[in-house]
There are 2 protein chains.
Amino acid sequence: MPAPTSEERNRLDRAVLLDAAERLFYERGIRAVGMDQVRAASGLPLKRIYRLFSAKEDLVVAVLRRRDQRWRGELVDHVERVPEPRDRVLALFDWLERWFAEPGFRGCAWINAHGELGSSSERVLAEVRSHKQAFHDQIAEWVRATGAPVVEPVVLLAEGAIVTAGVSGDPAAARHARRAVARMLGTV
Amino acid sequence: MPAPTSEERNRLDRAVLLDAAERLFYERGIRAVGMDQVRAASGLPLKRIYRLFSAKEDLVVAVLRRRDQRWRGELVDHVERVPEPRDRVLALFDWLERWFAEPGFRGCAWINAHGELGSSSERVLAEVRSHKQAFHDQIAEWVRATGAPVVEPVVLLAEGAIVTAGVSGDPAAARHARRAVARMLGTV
DNA sequence: CCCATGAGAGAACGATCGTTCTCCACCGGT
DNA sequence: ACCGGTGGAGAACGATCGTTCTCTCATGGG
């Protein structure tokens, strides 16, 4: 077995580190997790962690950015399997419901990060806004394809469902939102 | 001027303390605010603070509880001036828009607390859920009076507007939600 | 075989956390 | 005038934070 190149080694370590940090940050909150817990969970020496990310803030931003790519990617994969524009918009809420039902679901990671760090870290704030903007724009694209002028309500119902399910732990919010959207899209 | 009784003194100090703590917690996040900053902002000696609340967690819970009473009280005052059931529901969103436009608006204090402490403090979690339940029930009462079976969508639109305005800083979310609710309540 | 380079393990650093304790100044009752 | 006790100011405590440093060892090139 050939020794992995150091570049590839960095890539792998980054992935392991981001996995561990993302899980801990989401589970317990960002400030509640110390770098030493990240070290223990990732199995990487602190020194290597700080060579990959020169401060905790960088790690947080990287976690949010990678999660954004993965999260929206999975959403698009699920929704764009569906051919009909109207069904696509409804599929968004099916996907949300599945997400809400996952064990350990604890609301929107970006909203949580915003509440904790939005006023103390410009970079986290920017990351959160960028994610929310991208989510909005994605929904807008799907809704516009139906011809119904209801982009904003659909976005707000999705955000409301996420936050409500996050606090209550009940995935039903997704069904409630879905029903309302179905009505707004016509042909009851 | 008669010396205030010690009971009344406690009442006043509690109010001063809760004012200071609420402002700091909301502005910066709860974990980001140390008890010494609460002391400095309230002007109260640390000893007195710890006689009024025996731990930071108690203070946090008291802040959330008092804010809940005031916040919902003001909401009810605004909405129930309006006679017509349909207009009442719409008035909720006018009130939200005014709130969003206040300087320093940074989203929902309970959602923020949930993201930060929901997984580490049972008592904070309970407080957040109780607030959200009360908000839901209040809206349900108003919506049912209109006869339209749209309680859940209205709640979700309100929550979505709060969270969206909180992250983006743009009060327009309230108008978008209001417009959607107006349509759902019929008589476009 | 030797030595320099770099990585790993974890101690150490200064700051700050929540909480408690010390110390002194002030007070009403005799 | 004295004294017990209450309360304020802030030092102190142990823990933990993010970050850096030290020490040790392994390893690869001459």
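Side chains included, hydrogens not; waters and symmetry mates left out as well; all remaining heavy atoms used. Chain A is the first sequence line, chain B the second, and so forth, proteins listed ahead of strands; every chain is numbered from 1.
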Peer 1: One thing to verify: whether A:Arg23 and A:Asp19 come together as a salt bridge, which I'm taking to mean a side-chain N less than 4.0 angstrom from a carboxylate O.
Peer 2: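 A:Arg23 and A:Asp19: not salt-bridged.
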
Peer 1: Hey, which of B:Arg51, B:Arg48, B:Lys47 is the one that makes salt bridge (charged side-chain N to carboxylate O under 4.0 Å, His left out) with B:Asp13?
Peer 2: B:Arg48

Peer 1: Run through the side-chain heavy atoms of Ile, Leu, Val, Met, Phe, Trp and Tyr, join any pair under 4.5 Å, and report what else lands in B:Val82's cluster.
Peer 2: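 Its cluster mates, by chain and number: none.
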
Peer 1: Roughly, in whole Å, what's the span from CG in A:Asn10 to P in C:dA7?
Peer 2: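 Going from A:Asn10 (CG) to C:dA7 (P), I get 9 Å.
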
Peer 1: Can you name the residues that form a side chain to side chain contact (heavy atoms under 4.5 Å, CB included) with B:Glu22, not counting sequence neighbours?
Peer 2: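 Result, side chain to side chain contact (heavy atoms under 4.5 Å, CB included) vs B:Glu22: B:Val63, B:Arg66, B:Arg67, B:Arg70.
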
Peer 1: Figure out the CE/P separation between A:Met35 and D:dC17, and round it to whole Å.
Peer 2: 11 Å

Peer 1: Can you tell me the distance, in whole Å, between the CD1 atom of A:Ile49 and the P atom of D:dT19?
Peer 2: 11 Å

Peer 1: Please list residues of residues 24-34 of chain B whose heavy atoms come under 4.0 Å from any atom in DNA chain C, ordered by number; otherwise none.
Peer 2: B:Val33, B:Gly34

Peer 1: Answer yes when B:Asp36 and B:Arg39 have at least one side-chain N-carboxylate O distance shorter than 4.0 Å, and no when they do not.
Peer 2: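 Yes, B:Asp36 and B:Arg39 are salt-bridged.
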
Peer 1: In whole angstroms, how far is the C1' atom of C:dT16 from the CG atom of B:Asp36?
Peer 2: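 To the nearest whole Å, that distance equals 10 Å.
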
Peer 1: Is there any protein nitrogen or oxygen under 3.5 Å from a nitrogen or oxygen in nucleotides 7-13 of chain D, and what are the pairs?
Peer 2:
{"from": "D:dG8", "atom 1": "OP1", "to": "B:Arg9", "atom 2": "NH2", "distance (Å)": "3.1"}
{"from": "D:dG8", "atom 1": "OP1", "to": "B:Arg48", "atom 2": "NE", "distance (Å)": "3.3"}
{"from": "D:dG8", "atom 1": "OP1", "to": "B:Arg48", "atom 2": "NH2", "distance (Å)": "2.9"}
{"from": "D:dG8", "atom 1": "O6", "to": "B:Lys47", "atom 2": "NZ", "distance (Å)": "2.6"}

Peer 1: Using a side-chain heavy atom cutoff under 4.5 Å and only I, L, V, M, F, W and Y, what cluster partners does A:Leu125 have?
Peer 2: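 Besides A:Leu125, the hydrophobic cluster comprises nothing; the residue is isolated.
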
Peer 1: Output the rounded distance in Å from CG (B:Leu59) to C1' (C:dC17).
Peer 2: 15 Å

Peer 1: Separation of B:Leu117 atom CG from C:dG18 atom C1', in whole Å?
Peer 2: 14 Å

Peer 1: Is any NZ, NE, NH1 or NH2 atom of the basic residue among A:Asp94 and A:Arg98 found under 4.0 Å from an Asp or Glu carboxylate oxygen of the other?
Peer 2: no

Peer 1: My understanding is that only residues two or more places apart in sequence, or in another chain, count here; which of them pass ring pair (Phe, Tyr, Trp, His ring centres under 6.0 Å) with B:His131?
Peer 2: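 Only B:Trp71, B:Trp110 meet the ring pair (Phe, Tyr, Trp, His ring centres under 6.0 Å) criterion with B:His131.
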
Peer 1: Categorize A:Gln37 for me: base, sugar-phosphate, or nothing, with a 4.0 angstrom heavy-atom threshold over every strand shown.
Peer 2: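 A:Gln37: backbone/sugar contact only, no base atoms under 4.0 Å.
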
